[in-house]
Amino acid sequence: MPQRGDELLRNRRLKLERLLARGIDPFPPRFNRSHTTAQAVAALAAGPGGAEVEGSEVSVAGRMIRMRSMGKASFADIEDSEGNIQLFLRKNTLGDEYALLDDLDLGDFVGATGTMMRTRTGEVSVQVQTFTLLAKALRPPPEKFHGLRDVEQRYRQRYLDLISNREVHETMRSRSRIVSAIRAFFDSRGYLEVDTPVLVPVPAGAMAQPFITHHNALDRQLYLRIATELYLKRLIVGGMDKVYEIGRVFRNEGIDADHNPEFTLLESYEAYADYNDIMRLVETLVPEIASEVTGSTTVIYQGTELRLASPWPRLSLHEGVKQYAGIDLNDYPDAASLAGKMQELGVPATYAESRGRLIDKLVGTYVEPKLIQPTFLVDYPVEMSPLAKASPADSRYAERFEAFAAGMEIANSFTELNDPDIQRSRFTEQEELRKRYQGEDLDRMDEDFITALEHGMPPTGGLGVGIDRLVMLITGQSSIRDVLLFPQTRSTQPPPGTDQNQENEQVPEA
RNA sequence: GCCCCCAUAGCUCAGUUGGUUAGAGCGCCUGACUUUUAAUCAGGGCGUCACAGGUUCGAGUCCUGUUGGGGGCACCA
């Protein structure tokens, strides 16, 4: 039974058969490339003082993305990761080899050897002396002019997006440079980069739902980490005074424009620092990276100019909520009174929510959207911050800040709680809140971590930065999917090993 | 998890108040062409209108369900 697009595939297969019949390997193992496309273009300007000299020998390779045939002469544009270059192929130069063009298609990889030249119209070209097929494409590429627009296909088949939409390469290159710049930043300040476990017995260190898995030999349930925090602090206990990790963490929660179930988190910890030191670190780090990657400490995010240069203003959470929501949190010390006040002001709130969650709602609704230019929101209520040390000046608040830009949270930091007994009671409180407020994400008791703290942890400043969001901010992307090469999508193929026939028909019964 | 929107050729998109045989550009196939630039010229439409039902004399179009995607809410970073 004919499939959709069958004819296109069949044509390519026929060409493959013809090539094989002529003894041509459609997938040869190697090709000696002497120049990338960009280097080949540069080779044309290799004369004294950058003067243009034709005739340099080059061997270039790439995917054939356009083809213009005039009968006994043809122009093919090939593309590699750096750019593209035109091949000028003539029958009287290539002889019988010219016929190979009949069996090439857009999307094929080819290698060509020849000399650099400019055509009559001024186009930099390789005058080809010999060329070979390097890999046959059995499926057609997306349309050459409009590119691939279908977002579903762009994410599911990212390679087509990369072939078709050049700007995706640029975003991903920026992402890579951002991560490199972060490493350089911490490395140069004497931090040690470390790796901590992804598979953990207790999914603690943040308030989130975990992915659950099972280890057969140990016969016990394990979790994918939701944060790296508690392991990094164990290293601080062990005397590694400055550590950081850039790692994937996993949260079993919703997927939307700024949430992916797995995302990249930077965490750093520094002994003898506090959250004020970390604020200075963040307001130095972010503009430095932006400058490194874009050449400027100002970025345009969705039409808004963001000035990332330090210093960033500090706004206390208490003050922010008073200013933007019109509520003085200190007047409402418990969940019930706060919920009552919120309802009175017409803010959606119920008595089934914890005080921390109510405050989070107030901040998320009234304060965060106002924080367009980079701002530190400081001193979070203790009940929202089970891993942060309480302020000596006011024990209702913790020495914690979050950094916002474009209304988006980009960093979270505290002066770390290092008193094991208080940490235990904070964890216990979280476990109790979990029982009382079902459905809320809360942190979990980690006994091994308490034991570590009992061995003594120096005063420490810690930091967490969502790398994907930082990349969004710096590259101007409004969806996290556009800074991830392979964002999570609902898979259409059945899991391996499930008893479903190859024709893939599963019918969920009614 | 809830609400709204979307799905037509390999790709990008049209498709009228339900009305003949489903439309265009690119791509593809055949032919012409030895300096083209989204090459051009002549010819060719290549389709399970996401899937399954329903209404109707008649469905790409209307209704229901399903799948996938997008946006919003909720949750989180």
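A, B, ... follow the sequence lines: proteins, then strands. Residue 1 opens every chain.
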Worksheet item: Going through the checks in order, is the side chain to side chain contact (heavy atoms under 4.5 Å, CB included) test met by A:Q488 and A:E262?
Response: CA-CA 8 Å; A:Q488 193 62 236; A:E262 53 181 298; 4.2 Å; yes
Item to complete: Side chain of A:T489 only, please: which of B:C11, B:G27, B:G69 is the nearest?
Response: B:G69
Worksheet item: Where the side chain of A:E152 is defined as all heavy atoms beyond and including C-beta, which of B:G68, B:U35, B:C75 is the nearest nucleotide?
Response: B:G68
Discussion item. Applying a 4.0 Å non-hydrogen cut-off, can you work out what A:S74 is touching in the nucleic acid: base, sugar-phosphate, or nothing?
Written reply: nothing
Worksheet item: Would you call the rings of A:F88 and A:F75 parallel, tilted or perpendicular, where under 30° means parallel and over 60° means perpendicular?
Response: parallel
Worksheet item: Taking OP1 and OP2 of B:U36, is either one under 4.0 Å from a side-chain nitrogen or oxygen of A:R118?
Response: no
Worksheet item: Of the candidate nucleotides B:G70, B:C33, B:G10, which contains the atom at the shortest distance from the side chain of A:P140?
Response: B:G10
Discussion item. Taking the minimum atom-to-atom distance to the side chain of A:S125, which one of B:C75, B:C11, B:U36 wins?
Written reply: B:U36
Discussion item. Is it the case that the base of B:A77 and the side chain of A:D441 share a donor-acceptor contact (distance under 3.5 Å, atom types as modelled)?
Written reply: no
Worksheet entry | A:R158 side chain to A:L485 backbone, donor-acceptor under 3.5 Å | yes
Worksheet item: Any salt bridge between A:R175 and A:D468, counting N to O under 4.0 Å?
Response: yes
Discussion item. Applying the side chain to side chain donor-acceptor pair (under 3.5 Å) criterion to A:Q86, which one of A:R68, A:R66, A:E123 satisfies it?
Written reply: A:R68
Worksheet item: Per the salt bridge (Lys or Arg N to Asp or Glu O under 4.0 Å) rule, which among A:K15, A:R13, A:R12, A:R18 passes with A:D103?
Response: A:R18
Worksheet item: Looking at A:E432 and A:K435, does any basic side-chain N land under 4.0 Å from a carboxylate oxygen?
Response: no
Practice prompt. Between B:G69, B:C75, B:G71, spot the one nearest the side chain of A:V151, thanks.
Written response: B:G69
Discussion item. Does A:R481 reach a base, just sugar-phosphate, or nothing at all? Heavy atoms under 4.0 Å.
Written reply: sugar-phosphate
Worksheet entry | Atom NZ of A:K361: over 12 foreign heavy atoms under 6.0 Å | yes
Fill in: Pairing of A:R357 and A:D360 as salt bridge, 4.0 angstrom limit
no
Worksheet item: Between A:K15 and B:C29, does any side-chain N or O lie under 4.0 Å from OP1 or OP2?
Response: yes
Response to the item:
Dot-bracket for RNA chain B, 5' to 3', Watson-Crick and G-U pairs with both distances under 3.5 Å, [ ] for crossing pairs, | for partner on another strand, reads (((((((..((((.....[...))))((((((.......))))).)...(((((..]....))))))))))))....
Item to complete: Scan A:M408 against the nucleic acid and name what it touches under 4.0 Å (heavy atoms): base, sugar-phosphate only, or nothing.
Response: nothing
Worksheet item: For A:Q153 and B:C11, is the shortest distance between a side-chain N/O and OP1 or OP2 below 4.0 Å?
Response: yes
Discussion item. Counting only side-chain nitrogens and oxygens, does A:R68 get under 4.0 Å of the OP1 or OP2 atom of B:U36?
Written reply: no
Practice prompt. Check RNA chain B against residues 354-384 of chain A and give the residues with a non-hydrogen atom under 4.0 Å, in numerical order.
Written response: A:R357, A:D360, A:K361
Discussion item. Counting only side-chain heavy atoms from C-beta out, which of B:C11, B:G10, B:C29 sits nearest to A:D105?
Written reply: B:C29
Fill in: Phosphate OP1/OP2 of B:C11 contacted by A:R139 side-chain N/O (<4.0 Å)
no
Fill in: Under-4.0 Å salt bridge between A:E152 and A:R154
no
Fill in: Closest listed nucleotide, where the reference is the side chain of A:R149 and the choices are B:G69, B:U12, B:A77
B:U12
Worksheet item: Across the strands shown, which category fits A:G147 at heavy-atom distances under 4.0 angstrom: base, sugar-phosphate, nothing?
Response: sugar-phosphate
Fill in: Below 4.0 Å: OP1/OP2 of B:G27 and any side-chain N or O of A:K144
yes
Worksheet item: Quick one, which residues of residues 80-93 of chain A touch RNA chain B with a heavy atom under 4.0 Å?
Response: A:Q86, A:F88, A:R90, A:N92
Practice prompt. Report yes if at least one side-chain N or O of A:R156 is closer than 4.0 Å to OP1 or OP2 of B:G68; otherwise report no.
Written response: no
Discussion item. Applying a 4.0 Å non-hydrogen cut-off, can you work out what A:G466 is touching in the nucleic acid: base, sugar-phosphate, or nothing?
Written reply: nothing
Practice prompt. Between B:C46, B:G70, B:A77, spot the one nearest the side chain of A:E409, thanks.
Written response: B:A77
Worksheet item: Are A:R314 and A:E283 close enough for a salt bridge, meaning some N to O gap below 4.0 Å?
Response: yes
Worksheet entry | Carboxylate-amine/guanidinium contact A:E416 A:K233, below 4.0 Å | yes
Response to the item:
Taking B:C29, B:A38, B:C11 as options, the one with an atom nearest any side-chain atom of A:E143 is B:C11
Discussion item. Would A:F75 count as stacking on B:A39 if stacking means ring centres less than 5.5 angstrom apart and planes tilted under 30 degrees?
Written reply: no
Worksheet item: Does A:R355 come within less than 4.0 Å of A:E383, counting only side-chain N to carboxylate O?
Response: yes
Practice prompt. Give A:N260 one of three labels, base, sugar-phosphate or nothing, depending on what nucleic acid heavy atoms sit under 4.0 Å from its own.
Written response: base
Discussion item. Starting the side chain at C-beta, find the nucleotide from B:A74, B:C29, B:G27 nearest to A:D256.
Written reply: B:A74
